[in-house]
Amino acid sequence: MSSKYYITTTLPYINSDPHVGFAAELIKADVIARWQRLLGKEVIFNTGTDEHGLKIYRKAKDLNINVLDYCNKASEKFAELKDSLNISYDRFIRTTDENHIKAAQEFWKRCEKNGDIYKKNYKVKYCVGCELEKTESELVDGKCPWHPNQELDIIDEENYFFRFSKYQDKLLKLYEENPEFVKPKHRLQEIKSFVKSGINDFSISRLKEKMPWGVPVPGDESQVMYVWFDALVNYISTLDWPNEEGDFRDFWPGLQVAGKDNLRQQSAMWQAMLMSAGIENSKKVLVFGFLTSEGQKISKSLGNNINPIEYSQKYGEDALRYYLLEQIPTYGDGDFSVSNFELLYNSHLANELGNLASRLSNLIAKEDFDPNIKKDSDQEFNENIKELMDKYELQFALHAIWQKIRQTNEYLTKEAPWKIEDKIKKQKVLEFSLQSLYDACLKLQVFIPSTCEKILKHFEARPIEKIEPLFPKIKNK
RNA sequence: CGCGGGGUAGAGCAGUUGGCAGCUCGCCAGGCCCAUAACCUGGAGGUCGCAGGUUCAAAUCCUGCCCCCGCAACCA
């Protein structure tokens, strides 16, 4: 087992504000990264921003500002997001970084050398509404059936293409040989059937005169890379590739996490690109679900987006982390609702965890003794959590930890140390309770780090005093 | 027949290889009084979308049907 561990999120596209769905992805990746560090591994945890392409170019033009200035500002918002969620990242890569641009170009050259990049004149009818090519058979009265009010654009330009089709069999082989390559299983099924149904070469460049905001294609002044091609390379450029001696050698391949909209890009396109460049495939791809807000799709036009930064400022980042990890199935879709958030905050964080710390610290403070606490005393508990975490079942692991917190409340009520006369006996009960809370927090710290740090520090200090409320209750008038 | 997900107690969800239907919240009743009016115990509440089939046994497998939702169109 290697002592190095690499994990990366996808890079969010910066043409709009941070989405709570991406916040969830960041948090899940953070839990995994923290867990691996807890196991003693040396971890590189990468995230960053994806900054090229037409939409960003247009957006900056609309705002009438320099494109790079726009990117600097927008990227800053995502940097702020990760900080406000207490994300333990090691790298924050921007696709406008110099070393990334060089890496993308080198990557291109490798694919080209392998005969997988070719130029093709392609003339298609293109629906801007769909951002998709349209064939004659798809059209109704010469118009896109979904956007009958829009005129179709005629695209007629020479672009470079990537020989995706060449990798169909190799991809299928990759999936066959690694049944755990994509998690959960049904996503592997989905990508398999997509690849099996036949994949087409995709365009990987744009005419510079129409759209200059991209990485220059090596050896062709007139073209820039299509945003997806350069963006995907970040997963290795952040490891300083094409330098193959340093972090890349030690940390690649790694674990990739992504939203379900990214299934094809991460588990098919990028994997084919790696094969073409002669680089080992990713270790695994975890695919997460989507979030709704109050049961409805989150969209700008509905104006129901949740600002994760606002929530973490108002209730503390651990409250938001807890909600997204506890309430949302790790690999499924979930819903964010304010009433549910408040409910979970009060009943779990304030009443169960917060109150347990309060009552226990108070009981011990009154006793004035020095409990003897060991690390990881509960073998069965440790193994149970480890097993779940090894399978990346974050939600189930969190539930199992919470069971321990509940059991500790139960134990305290049952033993009622405040009634026990015998000092030794009383202190034994308190010591055991504290040990349970301590064990739970050692694992819980990967989920809600700053709260657990407070708890652990408080109970490691001597003498133990009564603790301040960790989660003040939310009162509804 | 585009691809994918789902329909399980009032709400939100678990249910791995088929084996007495579970969890959180809410509700009702009790206990406790160390604690953030917190904690603990017990209870009520379900024809597991509908209809067939396989089986000693199906929420779980098979067939058909109905209904939601996501992607494909700003948005992870």
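The chains referred to below are lettered A, B, ... by the order of the sequence lines, with proteins before strands, and numbering in each begins at 1.
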Participant: Could I get a table of every N or O pair under 3.5 Å where one atom is in the protein and the other is in nucleotides 29-35 of chain B?
Facilitator:
{"residue": "B/C34", "atom": "O3'", "partner": "A/N362", "partner atom": "ND2", "Å": "3.1"}
{"residue": "B/C34", "atom": "O2'", "partner": "A/N362", "partner atom": "ND2", "Å": "2.9"}
{"residue": "B/C34", "atom": "O2", "partner": "A/R359", "partner atom": "NE", "Å": "3.2"}
{"residue": "B/C34", "atom": "N3", "partner": "A/R359", "partner atom": "NE", "Å": "3.4"}
{"residue": "B/C34", "atom": "N3", "partner": "A/R359", "partner atom": "NH2", "Å": "2.6"}
{"residue": "B/C34", "atom": "N4", "partner": "A/R359", "partner atom": "NH2", "Å": "3.1"}
{"residue": "B/A35", "atom": "O3'", "partner": "A/K466", "partner atom": "NZ", "Å": "3.2"}
{"residue": "B/A35", "atom": "O2'", "partner": "A/N355", "partner atom": "OD1", "Å": "2.4"}
{"residue": "B/A35", "atom": "N3", "partner": "A/N355", "partner atom": "ND2", "Å": "3.2"}
{"residue": "B/A35", "atom": "N3", "partner": "A/R359", "partner atom": "NE", "Å": "3.1"}

Participant: Counting the atoms with a prime plus P, OP1 and OP2 as sugar-phosphate, which does A/F471 contact under 4.0 Å by heavy atoms, base, sugar-phosphate, or nothing?
Facilitator: base
Participant: Flag the pair A/Q435 / A/P371 as yes when at least one side-chain heavy-atom distance between them is below 4.5 Å, and no otherwise.
Facilitator: no
Participant: Round to the nearest Å and state the distance from A/I14 atom CD1 to B/C75 atom P.
Facilitator: 13 Å
Participant: For B/U17 and B/C62, measure between their P atoms and round to the nearest Å.
Facilitator: 12 Å
Participant: Atom CG of A/L291 and atom P of B/C13: how far apart are they, to the nearest Å?
Facilitator: 12 Å
Participant: If you pin A/K297 and A/Y411 to their nearest nucleotides in RNA chain B, which one's is more 5'?
Facilitator: A/Y411
Participant: Taking 4.0 angstrom as the limit, do A/K183 and A/E393 come out as a salt bridge?
Facilitator: yes
Participant: Looking at residues at least two apart in the chain, or sitting in another chain, which of them share a ring pair (Phe, Tyr, Trp, His ring centres under 6.0 Å) with A/H52?
Facilitator: A/W213
Participant: For a quick test of reading the model, state the closest non-hydrogen atom pair linking A/N159 to A/R206 and the distance between them.
Facilitator: OD1-NH1, 3.9 Å
Participant: Report the stems of RNA chain B as range-with-range entries sorted by first number; a stem here is at least three consecutive pairs, Watson-Crick or G-U wobble, both distances under 3.5 Å, and write none if there are none.
Facilitator: B:2-7 with B:66-71, B:10-13 with B:22-25, B:27-31 with B:39-43, B:49-53 with B:61-65
Participant: For residues A/T47 and A/T10, report the shortest heavy-atom separation together with the two atoms involved.
Facilitator: OG1-O, 4.4 Å
Participant: Mind checking if A/N15 touches a base, just sugar-phosphate, or nothing, with heavy atoms under 4.0 Å?
Facilitator: sugar-phosphate
Participant: Give me the distance, rounded to whole Å, that separates B/C66 from B/G22 when you measure between the C1' atoms they each carry.
Facilitator: 28 Å
Participant: Provide, to the nearest angstrom, the distance between the CD atom belonging to A/E326 and the C1' atom belonging to B/A14.
Facilitator: 12 Å
Participant: Take atom CD of A/Q265 and atom P of B/C71, then tell me their distance rounded to the nearest Å.
Facilitator: 14 Å
Participant: If you check the A/R406 side chain, which of B/C25, B/U36, B/C75 turns out closest?
Facilitator: B/C25
Participant: Taking B/A35 as the reference, what is the distance to B/G6 when you measure between their P atoms (whole Å, please)?
Facilitator: 47 Å
Participant: Can you check whether A/F432 and A/Y411 have ring centres sitting under 6.0 Å from each other?
Facilitator: yes
Participant: Report the residues that fulfil side chain to side chain donor-acceptor pair (under 3.5 Å) with A/Y331, sequence neighbours left out, ordered by chain and then residue number.
Facilitator: none
Participant: Are any protein N/O atoms closer than 3.5 Å to N/O atoms in nucleotides 2-12 of chain B? If there are, list each pair with its distance.
Facilitator:
{"residue": "B/G4", "atom": "O2'", "partner": "A/R187", "partner atom": "NH1", "Å": "3.2"}

Participant: If you take the centroid of each ring, where Trp contributes its six-membered ring, are A/Y226 and A/F202 closer together than 6.0 Å?
Facilitator: no
Participant: Salt bridge or not between A/D390 and A/K386? Use side-chain N to carboxylate O under 4.0 Å.
Facilitator: yes
Participant: Would you kindly give the NZ-to-C1' distance between A/K55 and B/A76, to the nearest whole Å?
Facilitator: 12 Å
Participant: Rounded off to whole Å, could you give me the CG-to-C1' distance for the A/N351 and B/G26 pair?
Facilitator: 14 Å
Participant: Roughly how many Å is it from NZ in A/K404 to C1' in B/C23, rounded to a whole number?
Facilitator: 19 Å
Participant: Begin with the C-alpha distance, continue with both residues' side-chain angles, and end with the deciding distance and a verdict on ring-ring contact (aromatic ring centres under 6.0 Å, His included) for A/Y315 and A/Y323.
Facilitator: CA-CA 11 Å; A/Y315 302 104; A/Y323 184 94; over 10 Å; no
Participant: Rounded to whole angstrom, note down the P distance from B/G45 over to B/A21.
Facilitator: 15 Å
Participant: Please measure how far the C1' atom in B/C25 lies from the corresponding atom in B/A14, and state the result in whole Å.
Facilitator: 15 Å
Participant: Could you measure between the two P atoms, the one in B/A9 and the one in B/C50, and give it in whole Å?
Facilitator: 11 Å
Participant: Not counting sequence neighbours, which residues clear side chain to side chain donor-acceptor pair (under 3.5 Å) with A/H348? List them please.
Facilitator: A/Y322, A/R406
Participant: Figure out the CG/P separation between A/L343 and B/C13, and round it to whole Å.
Facilitator: 14 Å
Participant: Between the base of B/A76 and the ring of A/F288 - centre-to-centre under 5.5 Å, planes within under 30° - is that a stack?
Facilitator: no
Participant: Compute whether any side-chain donor of one residue and acceptor of the other, for A/K473 and A/N351, lie under 3.5 angstrom apart.
Facilitator: yes
Participant: Distance only, no hydrogens: is a donor on one side chain within 3.5 Å (strictly under) of an acceptor on the other, for A/N15 and A/R58?
Facilitator: no
Participant: With nearest nucleotide decided by heavy atoms, which residue, A/F396 or A/E468, maps closer to the 5′ end of RNA chain B?
Facilitator: A/F396
Participant: Determine the interatomic distance between C1' on B/G42 and the same-named atom on B/G52; round to the nearest Å.
Facilitator: 41 Å
Participant: Sticking with atom P, work out how far B/U63 lies from B/G26, rounded to a whole angstrom.
Facilitator: 42 Å
